[in-house]
Amino acid sequence: MSPNPNEPASLALFRATLEATADGILVLGRDGGVLHFNESFLRIWKSPPLSVRGTELERLLQAMSRTLVNPTLARARFDSLLASSAAEC
């Protein structure tokens, strides 16, 4: 990631933090659209960046579920996480 002189320092720090972790990180907006993700997320899910950026959550989950052993269980867990996040907002 190259520094952008027009990017506020806090946003640059946020992006650097996302990239510094080995964990795959996906940040969603309240509307379910993909806001941010890191390279680890792409590597783990074997996904090219253009297939993730701006994608709606449902489409992304369908694509990801093809690689899971138990997609139904994973989807239930993910939906539970989304519901608890929505309740906190």
Side-chain angles (χ1 to χ4, degrees):
M1 180 174 77
S2 58
N4 179 345
N6 298 320
E7 191 172 79
S10 60
L11 184 56
L13 180 60
F14 170 75
R15 291 181 190 276
T17 302
L18 282 180
E19 292 304 327
T21 183
D23 296 326
I25 297 176
L26 179 67
V27 180
L28 304 171
R30 290 183 183 192
D31 64 351
V34 175
L35 297 178
H36 301 285
F37 54 89
N38 65 357
E39 291 298 319
S40 293
F41 178 85
L42 298 176
R43 187 184 69 256
I44 290 166
W45 292 103
K46 298 176 178 68
S47 179
L50 293 178
S51 69
V52 176
R53 193 176 312 278
T55 300
E56 290 183 12
L57 178 59
E58 189 59 39
R59 241 179 68 198
L60 181 61
L61 289 174
Q62 288 173 1
M64 291 167 61
S65 71
R66 293 183 197 121
T67 66
L68 300 172
V69 172
N70 189 339
T72 304
L73 179 63
R75 180 56 190 257
R77 176 68 178 131
F78 191 83
D79 288 343
S80 172
L81 288 170
L82 283 178
S84 66
S85 293
E88 292 176 8
C89 293

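Side chain of Thr17 to main chain of Leu13: a donor-acceptor pair is present (N/O by atom type, distance under 3.5 Å, no hydrogens or angles). One N or O on the side chain of Glu19 and one on the backbone of Glu39 form a donor-acceptor pair closer than 3.5 Å.
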Original post:
Where do Leu28 and Val34 land on the side-chain contact (heavy atoms from CB on, under 4.5 Å) test, with the steps shown first?
Top reply: CA-CA 5 Å; Leu28 304 171; Val34 175; 4.1 Å; yes

Original post:
Would His36 and Leu18 count as a side-chain contact (heavy atoms from CB on, under 4.5 Å) if you check the C-alpha gap in whole Å, the side-chain angles of each, and the deciding distance to 0.1 Å?
Top reply: CA-CA 9 Å; His36 301 285; Leu18 282 180; 4.0 Å; yes

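Rounded to the nearest 0.5 Å, atoms CG (Leu42) and CD1 (Ile25) are 12.0 Å apart. In this structure, CZ in Phe41 is found 5.0 Å from CG in Leu60, a value given to the nearest 0.5 Å. Phe78 contributes atom CZ, which lies 11.5 Å from atom CG of Leu68 (distance to the nearest 0.5 angstrom).
With sequence neighbours excluded, the residues that form a side chain to side chain contact (heavy atoms under 4.5 Å, CB included) with Ser40 are Asn38, Arg43. For Asn70, the side chain to side chain contact (heavy atoms under 4.5 Å, CB included) test picks out Thr72, Leu73, with sequence neighbours left out.
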